[in-house]
Amino acid sequence: MNKKEKDKLKFCLDWIDKIGKGHKELNTHYEESLQYYKAEELKLGEEKGLSKTVTTTVSDAVNWAMPIMLEIFATNEEVAYIKPRGGEDNKKAEKLSALINYQTRVRNPWFLICHDWIQDAFLAKIGWVKYQWFEETKIIEKKFQGLTIDELNAKISVPHVAVIERTDRIVKEGTINEMGMQIPPVMEYDVTLEYTMEDEYPLIEAIARQNIGFCTDIKSIADSPFMYHRIKMDKWAFKRKYGSKVFDKIEKLKKEYDDSANDKGVETELLKDVGGKSFFYDDKEKEYFVYETFYPDPDTGVQWITKICADEIIYDAKNEYDRPPFEAIGAFRLAHRLVALDFLDMLKKFQELSTAILRNLLNNIYMNNQGRYLVDGSGRVNLDDFKNNNVPGGYIRVKGGDLSNAVQPLIPPMLQPWAFELYERVERIIEYRSGIPRSYKGVDVGTLNKTFRGQSQQIFQASQIIKMMSKLIAEMGFAPLIQDIIDCNVKFLKKKTVVRVLNEDVEIDPSDIILKADVIVNVGIGTNNKDMVVAQMQQILGIYKIIYEAGIPVVTAQNIYEALIELVKAMGIKDTTRFATDPKFVEAVQKLVMNLMQFAPQLQAMGIQIPPEIQGSMQNLMANMGMMGRNKKPEGEPKNIERPSAPINPVNSANARQPTLTGDGNGFFG
């Protein structure tokens, strides 16, 4: 290792040590947050033998906020959509949207990524994801037996297929027929083929907070002077990725630590401040730690990646992402800070307060059921009976004297109404602080809003904190992540990709994704409420009908089509083409048919007759497209049939089974 490499290694190790010391408070907070989340025992000065119950304030808030967030970000199909800046890029934007949707939701475990990312933000102040361009080459060997020559040629003519082994076998010898012609032998072939499968896509993974190192006082990731990602790898994964030569160096250093005491005899002192052997090896899990460090070069300012294991630099190159490839989110953002507040910061004191109140209520109940007693200490009462025979049918032996004063219970004071009012008051404060009202968990029996509209209004007012949280999470993490994935595709996608959208294969060329577009965020409470969307779309269609009947030319067929498509999608049906046809397509087909009909006489004049089958198909197409008009009702047909005011033949005891239908056939009287 030359001097430049040693200086770079020391630079990275010094930063890792500095960041590690600054993370002690974050690590302690995360451990405490998990303790409160799991409602483990809280030491609040309780005496021995009293209640140790713990309320689940933090857990309730997190577990009720998580489904709301996952409904918005993990299941909503258009959390962030790509909007082209110019009309010429509309088609490219559609292809890019299909590609991004496929890469995020199919090639990556999107729901689990969102779950871990958001939960870390709720419990650890900040949640992290990492993105990187992943390229993989898989080689699969497959054996085939008894192939014909045509089958063999068909298999080996496929791209990226190589013949590893081939055996030719004669099934039937060749002969000469009665005409003297040579008939070749019948052959079968046994082959072993090697398929090479290349794959590339953006890999996204949620990173545990303890495996990310960053400066806690930065405003954004772009401002970070140094970041690292600690990656755990087993022996074989390490050797496959970095080679046996590097692995042997790490093993040699590990052996020196194993053979020495307190690092004596170890040549390097570089690892002393960062933990020695524990910096690069986990004795318990038998895993190695590789540190991917990201920083601007101190001399040139160029973004750089250096990978370190122990005292070895195993990778050193320019950062092709031009920034640390991470995105972060927080639950309750602090202005000008990347590290936010989490639910523990908001609810810790109130979980302790509600726990203390609940313990006192339970202790009072315990005292009423299993209270304390005054016992005559002169020896008249058998204390062994009193202590151990406290069961139904048990007895206590008392020697002479007045039995009424031998054992007397100490009656605790009754629970006062203000104690329950205090507990209810604390619960309401918790609702205000967390933004999770009881209305989210079911109808609050104590609410004054008994109607659906009143209940909805109460939920809307109480959900403002959650609404703000979802918008911040979208702007801080999800929209930038989508933009990062777009940038990765623009930089690294090398070959055509085929994405299946509903029942159509969409071919995407690397040149198709180079366009000017913006990532638009569309989140908030109600964004993915399908019932609400259905009701809204129905209202819009009703308004369109009124406008159309009034003759106001502000609604087009395209407007109605778009609203109808949103309605069908909100009903959970992905293939909307079965329910509505794009007016643009109808217009194109109509123009085609009209042109054919226009030139039909000219073709006939030239002696070219249009086959009857084609004429019939064109007429059917015109009928389906609404080009032949609709059949009008006969003039004599009544427009409306009035319902009779009373049944002609009412149901009664004499005619119980023969009710007369009303004039319009809609039921009967009785």
Discussion item. Is there a side-chain contact between Lys569 and Glu566 in this structure, where contact means two heavy atoms from C-beta onward sitting under 4.5 Å apart?
Written reply: yes
Item to complete: Drop me the distance from Thr57's OG1 to Phe350's CZ, to the nearest 0.5 angstrom.
Response: 10.0 Å
Worksheet item: Given the rule in the side-chain contact (heavy atoms from CB on, under 4.5 Å) test, do Ile221 and Met227 qualify, once you have shown the distances and angles that lead to the verdict?
Response: CA-CA 9 Å; Ile221 296 174; Met227 288 186 67; 3.9 Å; yes
Discussion item. Under a 4.0 Å threshold between the charged nitrogen and the carboxylate oxygen, would Arg380 count as salt-bridged to Asp376?
Written reply: yes
Discussion item. Using the rule given for side-chain contact (heavy atoms from CB on, under 4.5 Å), can you reason through Ser33 versus Asp342, listing the C-alpha separation, both sets of side-chain angles and the distance that settles it, and then say yes or no?
Written reply: CA-CA 9 Å; Ser33 186; Asp342 59 13; 4.2 Å; yes
Worksheet item: With a 4.5 Å limit on heavy-atom distance, are the side chains of Ser354 and Glu427 in contact?
Response: yes
Practice prompt. Start with the C-alpha gap between Leu123 and Val58, add the side-chain angles, then the distance that decides, and say whether side-chain contact (heavy atoms from CB on, under 4.5 Å) holds.
Written response: CA-CA 9 Å; Leu123 294 175; Val58 172; 4.3 Å; yes
Worksheet item: When you measure from the centre of the six-membered ring of Tyr281, is the NZ or CZ of Lys254 under 6.0 Å away and within 45° of the axis?
Response: yes
Practice prompt. Give the minimum heavy-atom separation between Val398 and Ala406, together with the two atoms involved.
Written response: CG1-CB, 3.9 Å
Can you list, pair by pair, the side-chain donor-acceptor contacts under 3.5 Å of residues 109-122, counting residues two or more places apart and other chains?
residue : atom : partner : partner atom : Å
Trp110  : NE1  : Phe73   : O            : 3.2
Trp117  : NE1  : Gly127  : O            : 3.0

Worksheet entry | Heavy-atom neighbours of Gln538 CD exceed 12 at 6.0 Å | yes
Item to complete: Could you tell me whether the side chain of Val129 reaches within less than 4.5 Å of the side chain of Ile207, counting heavy atoms only?
Response: no
Fill in: Ionic contact status for Lys249 with Asp311, cut-off 4.0 Å
no
Item to complete: Would you please test Lys130 and Glu292 for salt bridge (charged side-chain N to carboxylate O under 4.0 Å, His left out) and show each step?
Response: CA-CA 12 Å; Lys130 179 183 179 183; Glu292 287 187 354; 2.4 Å; yes
Worksheet item: Going by heavy atoms in the side chains, are Arg240 and Met233 under 4.5 Å from each other?
Response: no
Item to complete: Assert yes or no for the condition that the ring centre distance of Phe386 to Tyr373 is strictly below 6.0 Å.
Response: yes
Practice prompt. Apply side chain to side chain contact (heavy atoms under 4.5 Å, CB included) to Ala340 and list each qualifying residue two or more places apart in sequence or on a separate chain.
Written response: none
Worksheet item: At their closest point, which heavy atom of Leu347 faces which heavy atom of Ala61, and how far apart are they?
Response: CD1-CB, 3.6 Å
Practice prompt. State whether the side chain of Ser59 and the backbone N or O of Thr56 hold a donor-acceptor pair below 3.5 Å, judged by distance alone.
Written response: no
Worksheet entry | Ion pair Glu287/Lys235, N-O distance below 4.0 Å | no
Discussion item. Counting C-beta onward and ignoring hydrogens, is there a side-chain heavy-atom pair between Val375 and Leu383 closer than 4.5 Å?
Written reply: yes
Fill in: Atom of Ala237, atom of Asp234 and distance for their closest heavy-atom approach
N-OD1, 2.7 Å
Worksheet item: Okay, side chain of Thr104, backbone of Ile100: is any donor-acceptor separation there less than 3.5 Å?
Response: yes
Worksheet item: Is it true that a side-chain atom of Asn108 and a backbone atom of Ile204 form a donor plus acceptor pair closer than 3.5 Å?
Response: yes
Worksheet item: In chain order, what residues pass the side chain to side chain donor-acceptor pair (under 3.5 Å) check against Arg333, with sequence neighbours excluded?
Response: none
Item to complete: Check whether any side-chain heavy atom of Lys219 lies under 4.5 Å from a side-chain heavy atom of Leu338, and answer yes or no.
Response: no
Fill in: Any Tyr288 side-chain heavy atom under 4.5 Å of Phe247 side chain
yes
Discussion item. Regarding Lys18 and Asp14, does a basic nitrogen lie under 4.0 Å from an acidic carboxylate oxygen?
Written reply: no
Practice prompt. Can you see which heavy atom on Val339 is nearest to which on Leu334, and at what distance?
Written response: O-CD1, 4.0 Å
Worksheet entry | From Lys348, Glu352, Gln351, residue fulfilling side-chain hydrogen bond (donor to acceptor under 3.5 Å, both in side chains) relative to Tyr36 | Glu352
Worksheet item: Does some side-chain heavy atom of Tyr291 sit less than 4.5 Å from a side-chain heavy atom of Leu13?
Response: no
Discussion item. Whether Asp345 and Lys125 form a salt bridge (side-chain N of Lys/Arg under 4.0 Å from carboxylate O of Asp/Glu) is what I want to check.
Written reply: yes
Worksheet item: Under the side-chain contact (heavy atoms from CB on, under 4.5 Å) criterion, do Ile126 and Thr216 qualify, and how do the steps go?
Response: CA-CA 10 Å; Ile126 188 168; Thr216 57; over 6 Å; no
Fill in: Trace of the salt bridge (charged side-chain N to carboxylate O under 4.0 Å, His left out) decision for Asp282 with Lys286
CA-CA 5 Å; Asp282 186 341; Lys286 307 299 181 186; over 6 Å; no
Discussion item. To the closest 0.5 Å, what do you measure between CG (Leu472) and CE (Met469)?
Written reply: 9.0 Å
Worksheet, complete the sentence: In this structure, NZ of Lys52 is separated from OG1 of Thr355 (nearest 0.5 Å) by 14.0 Å
Worksheet entry | Residue among Tyr295, Phe226, Phe294 satisfying ring-ring contact (aromatic ring centres under 6.0 Å, His included) with Trp15 | Phe226
Practice prompt. Find the distance between CG (Leu341) and CZ (Phe332) and round it off to the nearest 0.5 Å.
Written response: 8.0 Å
Worksheet item: Can you check whether Phe214 and Phe326 have ring centres sitting under 6.0 Å from each other?
Response: no
Discussion item. Ring centres under 6.0 Å, that's the criterion: do Phe280 and Phe289 meet it?
Written reply: no
Response to the item:
SG of Cys12 to NZ of Lys307, rounded to nearest 0.5 Å, is 13.5 Å
Item to complete: Mind checking the CG-CZ spacing from Asn211 to Arg230? Nearest 0.5 Å is all I need.
Response: 4.5 Å
Worksheet item: Mind checking whether Tyr37 and Phe343 have ring centres under 6.0 Å apart?
Response: no
Worksheet item: Closest heavy-atom contact between Leu362 and Ser51?
Response: CD1-OG, 3.8 Å
Item to complete: For Arg359 and Val54, work out which heavy atoms get closest and say how close.
Response: NH2-CG2, 3.7 Å
